[in-house]
**Student:** 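The structure that follows is given in the form of structure tokens.
Keep in mind the model is a prediction, meaning the values are calculated, not measured. In the text below, chain A, chain B and the rest are named by the order of the sequence lines, each starting its count at 1.
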Amino acid sequence: MLDVITFWIFALIITASAIGVVTSREVMHSALFLALFFIMVAVFYVLLNAEFLAAVQILVYTGGVITMIVFAVILTGGKAERKAESKAKRQITSKKLMLPACMSVIFLLLMAGIIKPPVTSSFTYTLATYPLTEFGTMMLTTYLLPFEAISLVLLVAIIGAIILAKK
Amino acid sequence: MIPPHYYLWISAILFTIGTFGVMTQRNGIKILMCIEIMLNSANINLVAFSSYMGDINGQMIVVFSIALAAAEIAVGLAILVLIYRTHKTIDLSRVGVIRRW
């Protein structure tokens, strides 16, 4: 019972931070909400006994991606532009939000129809825990080709980003 | 014990929030953030199934998914910085090279 209560508290925090990313007016605020969101996703990984993925999540997302986003916000965020944008935004707000809101609600209802709770409530679940060595052996045996491919993709992405930004 | 469909609920809600953000936002950086929200909600789904069904493949896929998301956001932010340099704005509804409205 206690773990379910903990789960719902974390669920509330993660939903609130995701809504904060979408609704906050300042881009820097939504970047910080996004950092909270990533940390809460890592908390969910810990709840699911996936500690390695939680560490990867913190290192890559909260450490790397948020830093990049904050740098991009600093590089692109002009004061004058923000003022003009907020003025234009207030005029169109309610009309333009209707269709996406309806589509989102329909989408959520569709998914709610798909997700079914288990029939037997007395069934006990067991969470699997994987040792870190298993990840290492999987990466170098079964997933060797995707592993090399992903390293190539990362290299190409970094070179491409540098070429684009230096143009 | 937390039932597995709770994770599916929270993942569905987060994915919907991300979709709504992509549809409504006009700032390019915010759209990228919403895409990250969607990717992370899918990752929660994968890890939940992997842990409850005792199959490590789901968590391996999440490792690759995280690496791909990092590459995606690096290129995306570089493109946005480039757009800002040429158009002096990152409001994607005002970057009118292809679209004219």
**Student:** Specify which of A:I19, A:V105, A:V56 makes the most heavy-atom pairs with chain B at under 4.5 Å.
**Tutor:** A:I19
**Student:** Looking only at heavy atoms and a cut-off of under 4.5 Å, which of A:W8, A:F38, A:F7 has the most pairs with chain B?
**Tutor:** A:F7
**Student:** At a 4.5 Å cut-off on heavy atoms, which part of A:S30 comes close to chain B: side chain, backbone, both, or neither?
**Tutor:** both
**Student:** In chain order, what residues pass the side-chain hydrogen bond (donor to acceptor under 3.5 Å, both in side chains) check against B:S51, with sequence neighbours excluded?
**Tutor:** B:Q59
**Student:** Quick check: do B:T19 and A:M103 have side-chain heavy atoms less than 4.5 Å from each other?
**Tutor:** no
**Student:** Against chain A, label B:I13 side chain, backbone, both or neither, depending on which of its atoms sit under 4.5 Å from a heavy atom there.
**Tutor:** both
**Student:** Do A:T76 and B:L80 have side-chain heavy atoms sitting under 4.5 Å apart?
**Tutor:** no
**Student:** Does any non-hydrogen side-chain atom of B:E36 lie less than 4.5 Å from one of A:V21?
**Tutor:** no
**Student:** Does any backbone or side-chain atom of A:A31 lie under 4.5 Å from a heavy atom of chain B? Answer side chain, backbone, both or neither.
**Tutor:** both
**Student:** Contact part of A:I114 toward chain B, heavy-atom cut-off under 4.5 Å: side chain, backbone, both or neither?
**Tutor:** neither
**Student:** Quick check on the interface: out of A:P146, A:G160, A:G64, who has the most heavy-atom pairs with chain B under 4.5 Å?
**Tutor:** A:P146
**Student:** Taking the side chain from A:Y130 and the backbone from B:D55, do they hold a donor-acceptor pair closer than 3.5 Å?
**Tutor:** yes
**Student:** Which atoms of B:I56 are under 4.5 Å from chain A, going by heavy atoms: the side chain, the backbone, both sets, or neither?
**Tutor:** both
**Student:** Highest number of heavy-atom pairs under 4.5 Å with chain B: which of A:V41, A:L75, A:L53, A:V60?
**Tutor:** A:L53
**Student:** Could you check which of A:F37, A:F147, A:F44, A:F71 has the highest count of heavy-atom pairs closer than 4.5 Å to chain B?
**Tutor:** A:F37
**Student:** Taking only residues two or more places apart in sequence or in another chain, which ones pass side-chain hydrogen bond (donor to acceptor under 3.5 Å, both in side chains) with A:T23?
**Tutor:** none
**Student:** If you count every heavy atom of other residues, nucleotides or ligands that lies below 6.0 Å from B:F49 atom CZ, does the total exceed 12?
**Tutor:** no
**Student:** Taking the side chain as C-beta and beyond, is there a heavy-atom pair between A:M138 and B:N57 under 4.5 Å?
**Tutor:** yes
**Student:** Please assess A:F107 against B:F15 for the test ring-ring contact (aromatic ring centres under 6.0 Å, His included), listing each intermediate value before the final yes or no.
**Tutor:** CA-CA 10 Å; A:F107 188 56; B:F15 195 89; 5.8 Å; yes
**Student:** In Å, rounded to the nearest 0.5 Å, how long is the span from CD1 of B:I79 to CG of A:L164?
**Tutor:** 5.5 Å
